[in-house]
Amino acid sequence: MKKFSIILLAALLVVPSCKNQNKNTEGEQSQEPLTAEQILSEELKINAANLAESAKKMKRIPFAAKNADGTFALSEKEKMVKPDYLLDPAVANNLISFTQKYRVIAMLGADLMITNLYEMANTDYKNAINKLLVDLNDDALNQIASIDWSMENDYFQEDFDTFVDEEYAAGRQNFFWESAAAFMVEQVYILTRNIDKFMPMFTDETAADVTFNFVCVHEGIVQMIANYPEMSSLNEVLEPLYVINAITVDQLKEQLMSIKSDIEAARAFLLQ
């Protein structure tokens with residue numbers, strides 16, 4: 001991405017310079033070379049466009065998968081032991097900033113998938129999510145939140161691409177990356193709560209997708225820091241999680257357990 005930006009910017013610099021060596025028929029000079037400020041502006045535009053395209057390549061991971069026919073990956077016996085590690089949906093009542101709300105709505109969305117997996121009562125989770133949707137007044141988020149991501153969905157990529165495009169068009173790209181990071185953290189947090197139960201949902205391919213998604217999130221946040229320096233603290237707390245580079249289920253399991261405490265710390269930070 002960066003290499004592409006540099007090449008394109010070099011072209012932007014060279015073309016006006018070449019024009020300045022000649023005069024038009026009226027004896028006036030052609031367009032002046034770009035200033036340093038204009039160059040930076042163009043670079044940011046290019047990076048934003050490329051980053052949006054990279055975001056669309058993020059993979060769906062089956063941390064709480066439900067089959068297309070409606071059957072669950074968990075047995076009836078496993079579903080009898082309800083998880084006690086999910087967020088209290090009341091957390092939605094005490095949030096002030098958009099950043100907090102985008103983070104928490106993503107985390108509650110991940111938790112809602114677990115309540116579906118375990119066939120738990122989840123009205124409070126749905127109400128908390130709906131409250132945050134009203135507060136945020138984000139049409140793209142409303143649309144993506146209306147989809148049951150615990151089910152197989154042939155239109156996932158199309159829906160997700162549209163979501164990314166609309167968030168960028170609305171100038172909410174920083175909030176997109178805040179929520180993407182929060183969703184990833186909540187997912188891996190849940191995985192580490194009972195990893196032997198959840199890992200059978202994964203294949204080597206989907207385990208590698210977790211790595212890919214963390215790479216995307218890392219790149220996204222780093223790129224955002226130039227315009228949103230307040231995101232540097234988020235990047236710092238996620239730094240230990242960027243070591244994930246698994247390409248097999250066994251590697252992912254081992255790596256998640258080795259950074260379990262770091263995942264817990266990142267989750268606590270997101271809730272501040």
Side-chain angles (χ1 to χ4, degrees), residues 1 50-75 78-79 83 85-86 106-107 109-118 144-145 147-165 167 176-177 179-223 238-260 262-263 266-267:
M1 180 187 299
N50 288 337
L51 194 57
E53 290 305 310
S54 295
K56 294 177 185 179
K57 295 179 175 63
M58 292 179 69
K59 310 293 185 180
R60 178 180 180 180
I61 60 175
F63 90 111
K66 187 165 71 171
N67 299 327
D69 62 3
T71 59
F72 290 85
L74 298 182
S75 69
E78 288 171 328
K79 286 184 286 186
Y85 46 76
L86 303 180
M107 297 167 80
D111 287 1
L112 180 63
M113 293 172 68
I114 296 299
T115 67
N116 290 333
L117 189 66
Y118 280 88
I144 205 78
I147 300 168
D148 181 2
W149 295 115
S150 64
M151 289 289 292
E152 290 296 330
N153 180 359
D154 293 336
Y155 302 102
F156 167 77
Q157 198 59 55
E158 180 181 337
D159 291 328
F160 188 70
D161 289 357
T162 299
F163 175 56
V164 174
D165 283 338
E167 289 297 77
F176 165 79
W177 288 108
S179 60
F183 189 60
M184 283 297 299
V185 169
E186 187 69 2
Q187 287 181 91
V188 293
Y189 172 81
I190 289 169
L191 290 178
T192 61
R193 296 305 94 186
N194 197 333
I195 202 159
D196 290 330
K197 185 173 293 186
F198 286 109
M199 290 313 295
M201 297 180 186
F202 286 77
T203 63
D204 287 346
E205 180 181 359
T206 54
D209 288 343
V210 176
T211 295
F212 181 82
N213 286 356
F214 266 108
V215 171
C216 288
V217 167
H218 188 190
E219 176 70 8
I221 293 174
V222 168
Q223 292 291 329
L238 293 178
E239 196 70 39
L241 280 59
Y242 297 148
V243 301
I244 294 175
N245 61 359
I247 58 174
T248 68
V249 174
D250 289 342
Q251 287 176 349
L252 179 61
K253 180 178 179 180
E254 180 181 354
Q255 290 174 11
L256 288 177
M257 295 312 294
S258 71
I259 58 170
K260 184 176 179 180
D262 295 311
I263 293 171
R267 186 185 193 243

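Source: prediction; values computed, not measured. FYI, side chains are in, hydrogens and waters are out, and symmetry mates aren't considered; it's all heavy atoms of this structure.
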Output the distance between atom [atom1] ([X]) and atom [atom2] ([Y]), rounded to the nearest 0.5 Å.
X: Y85; Y: Y189; atom1: OH; atom2: OH; answer: 9.0 Å
X: L86; Y: T115; atom1: CG; atom2: OG1; answer: 7.5 Å
X: T206; Y: F212; atom1: OG1; atom2: CZ; answer: 14.5 Å
X: L117; Y: D111; atom1: CG; atom2: CG; answer: 12.0 Å

* To do: Check the pair I244 / M184 against side-chain contact (heavy atoms from CB on, under 4.5 Å), numbers first and verdict last.
  => CA-CA 12 Å; I244 294 175; M184 283 297 299; over 6 Å; no

* 4.5 Å side-chain heavy-atom contact, I144 and E167 ->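 Not in contact.
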
* To do: Answer whether the closest heavy-atom distance between the side chains of D161 and V164 falls below 4.5 Å.
  => no

Minimum heavy-atom distance between [X] and [Y], given as atom pair plus value:
X: A106; Y: S179; value: CB-O, 3.3 Å
X: A110; Y: I190; value: O-CD1, 4.2 Å
X: F198; Y: L191; value: CB-CD2, 3.5 Å
X: A208; Y: I247; value: CB-CA, 4.1 Å
X: F183; Y: M113; value: CZ-SD, 4.2 Å
X: A207; Y: F202; value: N-CD2, 4.0 Å

* Where at least one partner belongs to residues 181-194, residue pairs that pass salt bridge (charged side-chain N to carboxylate O under 4.0 Å, His left out), sequence neighbours excluded ->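 Only E186-R267, R193-E264 qualify under salt bridge (charged side-chain N to carboxylate O under 4.0 Å, His left out).
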
* To do: Applying side-chain contact (heavy atoms from CB on, under 4.5 Å), run through D262 and E239 and close with a yes or a no.
  => CA-CA 9 Å; D262 295 311; E239 196 70 39; over 6 Å; no

* Please lay out, stage by stage, how Q255 and Q251 fare under the test side chain to side chain donor-acceptor pair (under 3.5 Å). => CA-CA 6 Å; Q255 290 174 11; Q251 287 176 349; 5.0 Å; no

* Asked: Any idea how F214 and Y242 line up, ring-wise: parallel (<30°), tilted (30 to 60°), or perpendicular (>60°)?
  ->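 Perpendicular.
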
* Count the heavy atoms belonging to other residues, nucleotides or ligands that lie under 6.0 Å from CD of E254, then report whether that count exceeds 12. =>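 12 or below, so no.
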
* Asked: L252 and side-chain contact (heavy atoms from CB on, under 4.5 Å): which partner among N245, D209, V210, T211?
  ->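 For L252, the side-chain contact (heavy atoms from CB on, under 4.5 Å) test succeeds with only one of N245, D209, V210, T211, which is V210.
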
